[in-house]
2 protein chains.
Amino acid sequence: MKKWSVDEGNCSISYTLSVAGGRWKWLILYKLFKNKVMRYGELKRNLPSITHKMLSQVLSELRNDELIERIDYAQVPPKVEYRLNERGNSLIPILELMAQWGRENRLSEILENGSNDNLV
Amino acid sequence: MKKWSVDEGNCSISYTLSVAGGRWKWLILYKLFKNKVMRYGELKRNLPSITHKMLSQVLSELRNDELIERIDYAQVPPKVEYRLNERGNSLIPILELMAQWGRENRLSEILENGSNDNLV
DNA sequence: CCGTATCCTCAGAGATACTG
DNA sequence: CAGTATCTCTGAGGATACGG
């Protein structure tokens with residue numbers, strides 16, 4: 001059985017989750033959306049608790065699912081950039097709503113433990 | 001380390017994912033949105049590959065995160081219903097976009113293997 | 001700097017049985 | 001019917017090293 005079934009519940013939302021689900025994908029897509037284009041190491045630094053292996057694995061999956069584009073400058077030392085492609089860009093409305101919902105619904109926690117400014 | 005960090009990347013989208021992330025939550029929220037109110041067994045039947053334990057665990061988490069409401073009719077045999085509460089309803093725009101994106105972007109696969117009608 | 005391969009661990013998910 | 005507890009075990013994910 002495939003872990004993130006494309007058809008679970010005969011529901012089109014399952015397909016969306018099958019390409020963008022999991023712990024990291026939405027987050028990475030959002031980072032790429034906000035920064036337009038990012039290098040591998042830049043992404044890594046922006047996601048403190050992702051591991052090397054995880055990041056390259058997830059980037060590879062996103063590429064296979066045709067959501068991002070990989071630009072290899074074929075130089076030494078290597079320089080590789082990632083950006084959303086057209087299909088990836090079509091997810092932006094979802095990303096923006098998710099971010100907006102997060103901002104609005106964290107209010108309670110912010111009131112508890114103080115400063116959580118400068119969130120993107 | 002908490003698995004779905006609320007703050008990963010200092011990004012408000014992380015909070016959204018911390019309450020609605022994972023393999024099942026968006027899907028369950030979507031089912032509740034479409035059907036307004038569902039019994040436990042009804043949900044179970046609608047999600048073929050979720051296990052008994054998983055479903056009750058996830059429902060419990062959604063309840064703890066104040067996204068759904070549990071109505072116990074306190075009768076024998078038991079009858080329990082679930083529905084989105086107000087906070088849960090505020091996720092509907094996201095759910096609708098996800099479903100829409102899924103419908104539109106599955107086209108390629110549909111063209112390959114034929115009939116995929118009647119998807120919600 | 002970027003990416004992959006290998007090994008290994010442990011937490012998450014399944015199976016099953018039990019209770020109200 | 002709805003939910004919990006226990007036990008087991010698999011495989012996702014971490015650490016590490018190597019390679020282009």
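Throughout, a chain's letter reflects where its sequence line sits, starting with A, and its residues are numbered from 1.
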Could you give the side-chain donor-acceptor pairs of residues 51-63 of chain B under 3.5 Å, partners two or more places apart or in another chain?
residue  : atom : partner  : partner atom : Å
Thr51(B) : OG1  : Met54(B) : N            : 3.3
His52(B) : ND1  : Tyr40(B) : OH           : 2.5
Ser56(B) : OG   : Lys53(B) : O            : 3.2
Glu61(B) : OE1  : Lys25(B) : NZ           : 2.9

Checklist entry - Which residues pass the salt bridge (Lys or Arg N to Asp or Glu O under 4.0 Å) test with Glu96(A), sequence neighbours left out? => result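 With sequence neighbours excluded, Glu96(A) shows a salt bridge (Lys or Arg N to Asp or Glu O under 4.0 Å) to no residue whatsoever.
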d([atom1], [X]; [atom2], [N]) in whole Å:
X	N	atom1	atom2	result
Leu62(A)	dG3(C)	CG	P	13 Å
Lys25(A)	dG13(D)	NZ	C1'	14 Å
Glu81(A)	dC2(C)	CD	P	10 Å
Leu55(B)	dA15(C)	CG	P	15 Å
Lys53(A)	dG14(D)	NZ	C1'	7 Å
Met54(B)	dT16(C)	CE	C1'	16 Å

Checklist entry - Listed in order of residue number, which residues of residues 70-80 of chain A have a non-hydrogen atom at under 4.0 Å from DNA chain D? => result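 Hits under 4.0 Å, by residue number: Pro78(A).
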Next on the checklist: What residues from residues 31-48 of chain B pass a heavy-atom cutoff of under 4.0 Å to DNA chain D?
Outcome noted: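 Under 4.0 Å from DNA chain D: Arg39(B), Tyr40(B), Gly41(B).
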Next on the checklist: Under 4.0 Å, heavy atoms only, any strand: does Ser56(A) hit a base, just the sugar-phosphate, or nothing?
Outcome noted: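 Result for Ser56(A) = base.
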Checklist entry - Does Thr51(B) make a side-chain N or O approach to OP1 or OP2 of dG14(C) shorter than 4.0 Å? => result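 True: Thr51(B) side-chain N/O within range (under 4.0 Å) of dG14(C) OP1/OP2.
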Checklist entry - Is there a donor on the side chain of His52(B) or the base of dG3(D) sitting less than 3.5 Å from an acceptor on the other? => result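 Counting by modelled atom types and ignoring angles, a donor-acceptor contact under 3.5 Å is found here.
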Checklist entry - To the nearest 0.5 Å, what is the distance between OG (Ser49(A)) and CG (Asp7(B))? => result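 Nearest 0.5 Å value for the OG-CG distance: 10.5 Å.
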Item to check | Under the 3.5 Å Watson-Crick or G-U criterion, the dot-bracket string of DNA chain C, with | for inter-strand pairs | outcome: ||||||||||||||||||||
Item to check | Sequence-distant partners of Lys79(A), side chain to side chain contact (heavy atoms under 4.5 Å, CB included), two or more places apart | outcome: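 Testing Lys79(A) for side chain to side chain contact (heavy atoms under 4.5 Å, CB included), a comparison that skips the adjacent residues, returns Arg39(A), Tyr73(A), Gln75(A), Glu81(A).
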